Protein chains: 2
Amino acid sequence: MTRRHNRTRAERGIPEATVARLPVYLRALHSLQERGVVTVSSEELAAAAGVNSAKLRKDLSHLGSYGTRGVGYEVDYLIYQISRELGLTQDWVVAIIGVGNLGRALAGYGGFASRGFRVAALLDADPAVVGAEIAGLTVRHIDELERVIDEHGVSIAVIATPASAAQALCDRVVAAGVTSVLNFAPVVLSVPEGVEVRKVDLSIELQILAFHEQRKAGGPGESAADDWSKGLSGHGDGPRRERPPGTSEYIEAVEA
Amino acid sequence: MTRRHNRTRAERGIPEATVARLPVYLRALHSLQERGVVTVSSEELAAAAGVNSAKLRKDLSHLGSYGTRGVGYEVDYLIYQISRELGLTQDWVVAIIGVGNLGRALAGYGGFASRGFRVAALLDADPAVVGAEIAGLTVRHIDELERVIDEHGVSIAVIATPASAAQALCDRVVAAGVTSVLNFAPVVLSVPEGVEVRKVDLSIELQILAFHEQRKAGGPGESAADDWSKGLSGHGDGPRRERPPGTSEYIEAVEA
DNA sequence: AGACGTTTGTGAACACGCGCACAAAGTCAC
DNA sequence: GTGACTTTGTGCGCGTGTTCACAAACGTCT
């Protein structure tokens with residue numbers, strides 16, 4: 001409210017774009033570490049991470065001066081510093097809400113457990129799955145949401161429910177004190193200030209690919225139905241005009 | 001190669017950032033359409049999509065002048081125009097490579113089928129799943145990759161394999177003529193110019209959340225092990241110094 | 001027909017991020 | 001110890017994206 005600019009901007013200095021790349025560097029560093037590499041130059045690390053080397057150096061310089069001129073970066077040390085900056089030196093308790101196809105995949109996803117993220121609970125509304133054991137956890141009923149969050153000290157909620165249920169559940173986890181949400185449901189969640197939401201949308205990525213794919217093929221307008229008289233914008237008085245191909249029904253659920 | 005700048009930039013005018021938002025607008029519009037809304041103002045649509053209204057208007061203006069001043073945008077018409085621009089008025093043939101937990105979830109994901117994306121094939125290397133029927137499709141062996149791509153005219157490949165297999169498979173699909181790849185494996189894929197790759201990384205999103213969560217709690221350095229003598233950067237001559245907590249083993253696979 | 005309120009489309013200022021290029025700082029060889 | 005080489009850290013210019021604010025355009029009401 002009293003913030004000068006508008007958002008969580010440069011509060012303590014690390015640009016958002018940099019934060020988004022740190023996990024990529026971290027992954028590349030772990031890969032090097034496994035291969036027994038002790039020291040790496042910005043050029044090599046940048047290549048492994050798929051970025052420009054100047055960008056990498058500038059990113060790392062935001063964390064501090066952890067390199068050695070003429071040599072490069074010590075892999076172990078850099079891993080430690082990035083992990084610390086990202087908050088991976090402590091454990092984060094995660095709850096997965098919605099145990100459909102996607103929720104199940106997430107529960108079994110190795111990338112969560114092995115990076116300081118401990119999946120402590122699975123919740124669902126469907127009586128058919130409540131009580132089932134998945135990835136070593138017993139699925140709890142969604143009614144117990146608040147109790148489970150409090151019990152385990154959940155700080156990150158992963159929403160993997162159908163779109164129709166997402167906002168209501170988001171409101172509940174936020175009310176229960178969770179301030180970070182990872183949303184897989186295809187809706188824009190609205191949350192109070194101070195709560196961080198990140199969205200992963202599988203179909204959006206595909207649509208972006210389709211756009212580029214189409215452009216390679218010569219841009220839009222290749223299909224037959226290109227004309228559509230704009231009409232007189234009546235307030236629903238006249239009959240609905242014919243729908244062009246492609247405007248099918250709305251995607252409802254994140255799981256089939 | 002002979003491109004003036006460097007990339008697929010402003011080739012025909014629509015900024016990349018705009019393209020990334022069009023699917024979001026499209027989703028909001030479908031939601032309005034379902035509720036029977038005929039006309040919508042930029043202010044309302046922007047709120048539904050979670051963006052600034054000026055940004056929305058500028059985004060839409062890149063497609064053309066499809067609004068009516070004093071009134072707003074006709075929902076049906078705008079849906080059609082955005083769909084056309086994104087290339088959703090035609091069907092895109094998709095192949096999913098890797099039928100683990102995630103691949104299975106993707107195969108059953110309703111958001112693909114109902115937006116002009118037709119999943120035509122599932123492939124895997126594991127003999128235990130080859131031949132199985134999932135989401136109405138029989139899983140084919142990865143050896144048949146090139147044949148399957150050619151048979152169905154696949155134009156988008158979805159890679160949902162362990163990280164170790166991803167690059168090799170990516171090379172194969174590209175060699176087979178695919179120019180769009182959606183990558184779920186936690187690696188940076190390198191592809192020749194002209195091939196579009198988009199990456200979805202579940203654990204990266206969590207790590208970004210952890211960063212913000214930590215900052216709310218007072219920034220890094222809260223944990224005990226904060227000091228790490230930088231050492232003399234020897235070339236692997238001395239004994240490895242003790243590792244701080246959190247630098248565990250490398251995440252290998254996208255599925256557990 | 002004309003005045004009024006509403007909403008689009010966009011010009012202009014601003015903020016952000018990227019990449020080049022280079023000085024500073026370190027290592028290594030002798 | 002000195003010089004040559006390597007690599008980091010960063011100042012700077014540029015392009016992209018975002019936001020404000022407003023004139024032009026449209027519908028509506030009298």
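In the text below, chain A, chain B and the rest are named by the order of the sequence lines, each starting its count at 1. All values reported here derive from a predicted model rather than from experimental measurement.
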Report summary line: Lys55(B) atom NZ is separated from dA15(C) atom P, nearest whole Å, by 16 Å
**Report entry** Side-chain N or O of Tyr73(B) closer than 4.0 Å to phosphate OP1/OP2 of dG9(C)
**Finding:** yes
**Report entry** Interatomic distance where CG belongs to Leu56(B) and C1' belongs to dT18(D) [whole Å]
**Finding:** 13 Å
Requested in this report: Answer with base, sugar-phosphate or nothing: what part of the nucleic acid does Ala54(A) contact at a heavy-atom distance below 4.0 Å?
Outcome: base
Query raised in the report: When the ring planes of Tyr80(A) and Tyr77(A) are compared, do they come out parallel, tilted or perpendicular, using 30° and 60° as the limits?
Result: tilted
**Report entry** First encountered from the 5' end of DNA chain C, between Gly64(B) and Arg57(A)
**Finding:** Gly64(B)
**Report entry** Length of the CZ-P vector between Arg21(A) and dC16(C), whole Å
**Finding:** 15 Å
Query - Distance below 4.0 Å between Asn52(A) side-chain N/O and dC20(C) OP1 or OP2 - result: yes
Query raised in the report: side chain to side chain donor-acceptor pair (under 3.5 Å) with Arg198(B): which residues, sequence neighbours excluded?
Result: Glu205(A)
Query raised in the report: Which residues satisfy the side chain to side chain contact (heavy atoms under 4.5 Å, CB included) test with Arg172(B), sequence neighbours excluded?
Result: Ile142(B), Leu145(B), Glu146(B), Leu169(B)
Query raised in the report: Taking atom C1' of dA25(D) as reference, at what distance in whole Å does atom OH of Tyr66(B) sit?
Result: 18 Å
Query raised in the report: Can you check the Leu78(A) CG to dT7(D) C1' distance for me, whole Å?
Result: 15 Å
Report task. For Glu44(A), check side chain to side chain contact (heavy atoms under 4.5 Å, CB included) against everything at least two apart and list the hits. Result -> Val40(A), Ser41(A)
Can you list, pair by pair, the side-chain donor-acceptor contacts under 3.5 Å of residues 178-191 of chain A, counting residues two or more places apart and other chains?
{"from": "Thr179(A)", "atom 1": "OG1", "to": "Glu213(B)", "atom 2": "OE1", "distance (Å)": "2.9"}
{"from": "Thr179(A)", "atom 1": "OG1", "to": "Glu213(B)", "atom 2": "OE2", "distance (Å)": "2.8"}
{"from": "Thr179(A)", "atom 1": "OG1", "to": "Lys216(B)", "atom 2": "NZ", "distance (Å)": "3.4"}
{"from": "Ser180(A)", "atom 1": "OG", "to": "Glu213(B)", "atom 2": "OE1", "distance (Å)": "2.4"}
{"from": "Asn183(A)", "atom 1": "OD1", "to": "Ala185(A)", "atom 2": "N", "distance (Å)": "2.9"}
{"from": "Asn183(A)", "atom 1": "ND2", "to": "Ala185(A)", "atom 2": "O", "distance (Å)": "3.2"}
{"from": "Asn183(A)", "atom 1": "ND2", "to": "Val187(A)", "atom 2": "O", "distance (Å)": "3.1"}

Under 3.5 Å, which N/O atoms of the protein pair with N/O atoms of nucleotides 3-6 of chain D?
none

Report task. Please identify each residue that fulfils side chain to side chain contact (heavy atoms under 4.5 Å, CB included) with Ser61(B), with sequence neighbours left out. Result -> Lys58(B)
Report task. Starting at CG of Leu88(B), measure out to CD of Gln207(A) and round the result to the nearest 0.5 Å. Result -> 5.0 Å
Query raised in the report: Excluding sequence neighbours, so at least two apart, what forms side chain to side chain donor-acceptor pair (under 3.5 Å) with Thr18(B)?
Result: Asp59(B)
Query raised in the report: Hey, can you pull the residues of residues 41-49 of chain A with a non-hydrogen atom under 4.0 angstrom from DNA chain D?
Result: Ser41(A), Ser42(A)
Query raised in the report: Please give, in whole Å, the distance from dG17(C) P to Leu22(A) CG?
Result: 13 Å
Requested in this report: Identify, with sequence neighbours excluded, every residue that meets side chain to side chain contact (heavy atoms under 4.5 Å, CB included) alongside Asn52(B).
Outcome: Ala54(B), Lys55(B)
Query raised in the report: Which nucleotide in the set dT19(D), dG17(C), dT10(D) lies at the smallest distance from any side-chain heavy atom of Ala17(A)?
Result: dG17(C)
Query raised in the report: How about His30(B) and Arg35(B): does a side-chain donor come under 3.5 Å of a side-chain acceptor?
Result: no
Sub-3.5 Å pairs of nitrogen or oxygen atoms, protein against nucleotides 11-13 of chain D:
{"from": "dG11(D)", "atom 1": "O6", "to": "Lys58(A)", "atom 2": "NZ", "distance (Å)": "3.0"}
{"from": "dC12(D)", "atom 1": "N4", "to": "Lys58(A)", "atom 2": "NZ", "distance (Å)": "3.3"}

Report task. Output the single nucleotide from dT10(C), dG17(C), dT10(D) whose closest atom is nearest the side chain of Ser61(B). Result -> dT10(C)
Query raised in the report: Between dG26(C) and Thr68(A), is there an OP1 or OP2 to side-chain N/O distance shorter than 4.0 Å?
Result: no
Report summary line: Rounded to whole Å, the CD-C1' distance (Glu16(A) to dT18(D)) equals 16 Å
Query raised in the report: Going by atom types alone, do Arg84(A) and Thr89(A) pair a side-chain donor with an acceptor below 3.5 Å?
Result: no
**Report entry** Tyr66(A)-Tyr73(A) aromatic ring centre distance below 6.0 Å
**Finding:** no
